[in-house]
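Below, chains carry the letters A, B, ... as their sequence lines are ordered, and counting in each starts from 1.
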Protein chains: 2
Amino acid sequence: MYVIIGYDVSTMSAEGRKRLRKVSKACQNYGQRVQNSLFECCIDYGTFLKLKNELEKIINKETDSLRYYYLGNNWEKKVEHVGAKPSFNPQDILII
Amino acid sequence: MYVIIGYDVSTMSAEGRKRLRKVSKACQNYGQRVQNSLFECCIDYGTFLKLKNELEKIINKETDSLRYYYLGNNWEKKVEHVGAKPSFNPQDILII
């Protein structure tokens, strides 16, 4: 499945800035940063639930928010990028 | 159709900060801000092309980026919000 994860974490306090780093790090373990606080994850459902659980333990639900968009499997036609830093297609062949 | 618009605009220069305000304002005319630089638009295709054209004239394609996610019509099951500032469903009945 292909999931977009957007997050808004309040950085008014040092504690908030710490939460932001943790959220960003957790997302980096499972997906690709495509914009400042926007990640795309090509992930199976079980692993996604693990990440979701981790993220929702990190954030302060009074001040921060997480937004998930489930694009399903044939997601390529549902995503369009214009401008700088285009992302890579995680399902493309990686030649090393 | 339901479209998610994410944007990253370089704010290193005054000109960049001006572009950011313009992009944000253009999106506000057509959709709902759900996170810092993330909008959701419940919009017909013709109007979307108008907005898209407007946004792509504003940004500097060397430093800024736009990301569009097309969720189609039955989008409600594809969007999940956790935490602060939940958005409203643009297709709900508005009682004045």
Side-chain angles (χ1 to χ4, degrees), chain A residues 1-12 16 19-20 23-24 26 31-41 45 48-49 51-88, chain B residues 1-12 16 19-20 23-24 26 31-41 45 48-49 51-88:
Chain A
M1 67 188 281
Y2 205 77
V3 188
I4 317 302
I5 302 177
Y7 53 80
D8 243 0
V9 176
S10 166
T11 52
M12 305 291 274
R19 289 197 309 273
L20 179 63
V23 165
S24 169
Q32 171 188 186
R33 184 194 299 274
V34 290
Q35 285 183 344
N36 235 344
S37 22
L38 201 62
F39 276 81
E40 292 181 15
C41 306
Y45 190 62
F48 169 66
L49 290 182
L51 169 59
K52 188 170 190 288
N53 190 39
E54 194 179 330
L55 293 174
E56 290 170 23
K57 277 189 191 147
I58 296 170
I59 65 162
N60 171 343
K61 290 183 179 142
E62 300 298 317
T63 57
D64 311 336
S65 74
L66 291 161
R67 198 114 179 139
Y68 306 102
Y69 300 104
Y70 303 106
L71 297 195
N73 291 323
N74 35 12
W75 54 274
E76 283 95 338
K77 290 191 203 87
K78 298 176 187 167
V79 181
E80 182 181 355
H81 182 95
V82 173
K85 301 171 227 148
S87 59
F88 64 87
Chain B
M1 66 189 282
Y2 205 76
V3 188
I4 317 301
I5 303 178
Y7 53 80
D8 242 1
V9 177
S10 166
T11 51
M12 304 291 275
R19 289 197 308 270
L20 179 64
V23 165
S24 168
Q32 172 188 185
R33 183 193 300 273
V34 290
Q35 284 183 344
N36 235 346
S37 19
L38 200 62
F39 276 80
E40 292 181 14
C41 306
Y45 190 61
F48 168 67
L49 289 182
L51 170 59
K52 188 171 190 287
N53 191 38
E54 195 178 329
L55 294 174
E56 291 169 23
K57 277 188 189 149
I58 296 170
I59 66 163
N60 172 342
K61 290 183 180 144
E62 301 298 316
T63 57
D64 311 335
S65 74
L66 290 161
R67 197 108 182 147
Y68 305 102
Y69 300 105
Y70 303 105
L71 296 195
N73 291 323
N74 36 10
W75 53 274
E76 283 94 340
K77 291 192 202 85
K78 298 175 186 168
V79 182
E80 182 180 355
H81 183 94
V82 173
K85 301 172 227 147
S87 59
F88 64 87

Chemist: Return the minimal non-hydrogen interatomic distance between B:R67 and A:E40, and the atom names on each side.
Modeler: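 Taking every non-hydrogen atom into account, NE-OE2, 2.7 Å.
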Chemist: Out of A:E62, A:K61, A:K77, which one racks up the most heavy-atom pairs below 4.5 Å with chain B?
Modeler: A:K61
Chemist: What distance separates B:Q35 CD from A:D64 CG, expressed to the nearest 0.5 Å?
Modeler: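 Those atoms lie 10.0 Å apart.
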Chemist: Working note: B:I59 + A:V82, criterion side chain to side chain contact (heavy atoms under 4.5 Å, CB included); need CA distance, chi angles, decisive distance, verdict.
Modeler: CA-CA 9 Å; B:I59 66 163; A:V82 173; 4.3 Å; yes
Chemist: Is it true that a side-chain atom of B:D8 and a backbone atom of A:N36 form a donor plus acceptor pair closer than 3.5 Å?
Modeler: yes
Chemist: Measure the spacing between OH of B:Y68 and NE2 of A:H81 and express it to the nearest 0.5 Å.
Modeler: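 So the OH of B:Y68 and the NE2 of A:H81 are separated by 10.5 Å.
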Chemist: Could you walk me through whether A:I4 and B:I4 satisfy the side chain to side chain contact (heavy atoms under 4.5 Å, CB included) test, starting with their C-alpha distance in whole Å, then the side-chain angles of each, then the deciding distance to 0.1 Å, before giving a yes or no?
Modeler: CA-CA 10 Å; A:I4 317 302; B:I4 317 301; over 6 Å; no
Chemist: Tell me, out of A:L38, A:L55, A:V79, A:V3, who's got the most heavy-atom pairs with chain B below 4.5 Å.
Modeler: A:V79
Chemist: Which atom names give the shortest non-hydrogen contact between A:S65 and B:A84, and what distance separates them?
Modeler: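 Where A:S65 meets B:A84 most closely, the heavy atoms are CB-O, 3.4 Å.
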